[in-house]
Amino acid sequence: MLPVKDAESIILNLVKSLQLQEDTEIVDLDTAVGRILAAPVVSKLDFPYWDNSAMDGYAVRYEDVKDSNPDRPVTLEVVEEIPAGYSPKVTLTTGKAARIFTGAMMPSGADTIVIQENTHKEENKVQILSAPQPQEFVRHKASFYQAGMPMLQPGIKIGAAEIAVLATAQCTELTVYRRPQVAILSTGDELVSPDSPLQPGQIVDSNQYALASVVAQNGAIPIKLGIIPDRPPELKSAIAHAVNSADIVLSTGGVSVGDYDYIDRLLEELGGEIHIRSVAVKPGKPLTVAKFANDCLYFGIPGNPVSALVSCWRFVLPALKKLSGLAHNYQPAFVKAITRHDLRAGGKRETYLWGQLHLVNGKYEFALAGGSHSSGNLINLAQTNGLAIVPLGEKLITAGTEIEVMQVGLT
Ligand code: AMP
Ligand code: MG
């Protein structure tokens, strides 16, 4: 059985990221949030666009006011008023000032702002009560960004901050990677969809919905291919169709050692190369990972609903993020937390116990979900935001100990 870290690195090595040439599309600012940038953003505009005032006050020539003090204030003639959005008309000469407001453009001839608190206004004159620093409170053109320089790099996820930057720079059309397509199928004769009446012995297919949600939350397109019975011909054609229509395929069920577990054999018959058959992890040991000649990556995930979600969070998501064009940050986020409860494991597999992370006085605490931690119980998964990790070889971690917790459910 493969240790978790080894499985993770095999999977990441198998991923072929989307390509800069073929796998991109153009989006506008309204639809760009959450997408991965695929080309550098360069603006034609400097930022600030022009010299402007950082404060409400007076634009002056430093030379005129450098010796001002409360006892001997310098008096200047106010020749123009410059609100934000107005283009100044007058060039300041010696002895002149302009009334100016935050964000407004500096008039030519001026080099310094005196804040209004340090002035005294008299009709069309202003007294400067104390000397400013040279160039004080002037935001200089291009001091934050110079036109033509790289502004944003490919491989980053576009969030609200990037949208603000792009809007400011008037970059309204962006090249982003297309969204990855993830085909999802549930296998099992016992399965019915959530809206079908339940017959004795049947089980509702929750996996299809859970996995599609993870995929959609992470910016990819889920393609739900439905429930496939445990019959090799139907399974084989469903898998073949999935592999030919998606970047990643997720199937649940049929990867254990039961009489109806056909997935591995069918993957091989269809030309898939199997790289992983099981991982030393609980839940989720019988994980199959195969790669096809068209670069499609196939995850045969155990059917147990908890195993399915944990496997998806732990192994599928990093692959999906890498494939999406993200340049970094595709591994899960792990945080240190103090466990509030004893954590038990068998010792032979790295064990993930679900529960909740709480931030208490700036430190994380982990509370184990109440109820059974059987991988057949799925009800107490609700509101999980962390998986506590009991490392290989350990059977008991006592309450109060610092542990590692994988954050889940983040996007
Ligand atoms: P399997 O991996 O096919 O042996 O399935 C293991 C367990 O998970 C069985 O109890 C199945 O009924 C259950 N199961 C399999 N697929 C699903 C699914 N899509 N949704 C919910 N439970 C499932
Ligand atoms: Mg099954």
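When a ligand or atom number is given, it counts from 1 through the structure's own listing order. In this chain, numbering begins with 1 at the start of the sequence shown.
Interatomic distance, I128 CD1 to K66 NZ, rounded to the nearest 0.5 Å: 14.5 Å. Y49 contributes atom OH, which lies 11.5 Å from atom NZ of K141 (distance to the nearest 0.5 angstrom). In this structure, CD on Q208 lies 10.5 Å from OG on S251, to the nearest 0.5 angstrom.
A cation-pi arrangement, defined by a distance under 6.0 Å to the six-membered ring centre and an angle within 45 degrees of its axis, is present between K89 and Y86. Relative to the ring axis of Y352, R314 does not place its NZ or CZ within 45° and under 6.0 Å from the centre.
Taking a cut-off of under 4.0 Å to the non-hydrogen atoms of S206, the atoms of ligand 1 that pass are 20 (N), 21 (C). Less than 4.0 angstrom separates some heavy atom of N304 from each of these atoms of ligand 1: 6 (C), 7 (C), 8 (O). Close approach of ligand 1 to S186 is summarised as follows: ligand atoms under 4.0 Å from at least one heavy atom of the residue are 19 (N). Heavy-atom proximity to P305, at under 4.0 Å, picks out these atoms of ligand 1: 21 (C), 22 (N). The atoms of ligand 1 that sit less than 4.0 Å from any heavy atom of G254 are 1 (P), 2 (O), 3 (O). Each of the following atoms of ligand 1 lies closer than 4.0 Å to a heavy atom of V204: 20 (N), 21 (C). When each atom of ligand 1 is checked for a heavy atom of I203 under 4.0 Å away, the hits are 12 (O), 22 (N). Atoms of ligand 1 lying under 4.0 Å from any heavy atom of G253, numbered from 1 in the order shown and given with element: 1 (P), 2 (O), 3 (O).
Using a 4.0 Å cutoff on heavy atoms, G258 does not count as a contact of ligand 1.
Using modelled atom types, one finds a donor on one side chain and an acceptor on the other under 3.5 Å when comparing T91 with S108.
Residue G303 has at least one nitrogen or oxygen atom sitting less than 3.5 Å from a nitrogen or oxygen atom of ligand 1, judged on distance alone.
Remark: aromatic rings of F366 and Y364 are distant, center separation not under 6.0 Å.
Residue contacts with ligand 1 for N207 involve both N, CA, C or O and side-chain atoms from C-beta outward (heavy atoms, distance under 4.0 Å). Of all the heavy atoms of T252, the ones lying under 4.0 Å from any atom of ligand 1 belong exclusively to the side chain.
Ionic pairing of E365 and R340 is present here: one or more N-O contacts between side-chain nitrogen and carboxylate oxygen are shorter than 4.0 angstrom.
Each of N385, N380, T384 was evaluated against W354; a single residue qualifies, N380, per the side chain to side chain donor-acceptor pair (under 3.5 Å) test.
Looking only at protein heavy atoms, the nearest one to atom 9 (C) of ligand 1 is E190 OE2, 4.2 Å. Protein heavy atom closest to atom 19 (N) of ligand 1, with residue, atom name and distance, is D205 OD1, 2.8 Å.
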